[in-house]
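Right, one structure below, let's go through it.
Counting convention: from 1, in listed order, for ligands and their atoms alike.
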Amino acid sequence: MTPAKNDSVVCECLGITESQVRQAVARWKLCDLSEIMTKTEAGTGCNHCHFALRRLLEKRAE
Ligand code: FES
């Protein structure tokens, strides 16, 4: 997964950006937080980004 320009980091612990999460969600058709954690490692540190990661999933579903 490649970070896009003007991208923001969603998971500070792992340095994972929003576009990387979006790409993973689309590519592997991820449906929940645990799948995002498994595929990207985002959210596997301090857990502070879990709300933001769930919001990315919700935005995709909208
Ligand atoms: S900010 Fe994502 S695990 Fe810490």
Side-chain angles (χ1 to χ4, degrees):
M1 295 170 288
T2 307
K5 288 183 179 175
N6 300 325
D7 201 4
S8 60
V9 173
V10 67
C11 178
E12 295 287 342
C13 290
L14 281 296
I16 307 293
T17 67
E18 287 190 14
S19 70
Q20 288 176 298
V21 173
R22 286 198 191 96
Q23 287 171 29
V25 167
R27 180 175 181 183
W28 290 298
K29 302 185 183 350
L30 307 180
C31 297
D32 60 33
L33 179 59
S34 64
E35 290 179 343
I36 290 176
M37 292 167 69
T38 299
K39 288 293 188 182
T40 70
E41 295 186 347
T44 59
C46 71
N47 303 341
H48 285 170
C49 61
H50 285 193
F51 179 78
L53 293 172
R54 286 194 182 97
R55 284 294 299 151
L56 287 176
L57 277 172
E58 290 170 6
K59 284 182 185 177
R60 177 183 172 264
E62 291 173 354

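What you find for Leu14 and Glu41 is that their closest heavy atoms are CG-O, 3.3 Å. The two atoms that bring Ala52 and Val10 nearest to each other are CB-CG2, 3.6 Å, heavy atoms only. Here the closest heavy-atom approach between residue Ile16 and residue Thr40 is recorded as CD1-O, 3.5 Å. Across all non-hydrogen atoms, the minimal contact from Gly43 to Cys11 is N-SG, 3.4 Å.
Among the backbone and side-chain atoms of Cys11, an N/O/S atom is found under 2.8 Å from atom 2 (Fe) of ligand 1. Distance check for Cys49 against atom 4 (Fe) of ligand 1: none of its N/O/S atoms falls below 2.8 Å.
Between Glu18 and Arg22, at least one side-chain N (NZ, or NE/NH1/NH2) sits under 4.0 Å from a carboxylate O, which counts as a salt bridge.
In this structure, Ala42 has no heavy atom closer than 4.0 Å to ligand 1.
The ligand atoms of ligand 1 that sit less than 4.0 angstrom from a heavy atom of Glu12 are 1 (S). Ligand 1 places these atoms under 4.0 Å from at least one heavy atom of Cys46: 1 (S), 3 (S), 4 (Fe).
At a 4.0 Å heavy-atom cut-off, ligand 1 touches Asn47 through the backbone alone.
The residue from Gly43, Cys13, Gly45 that puts a heavy atom closest to atom 4 (Fe) of ligand 1 is Cys13.
Inter-residue side-chain proximity for Met37 and His50 is flagged as met; some heavy-atom pair is nearer than 4.5 Å.
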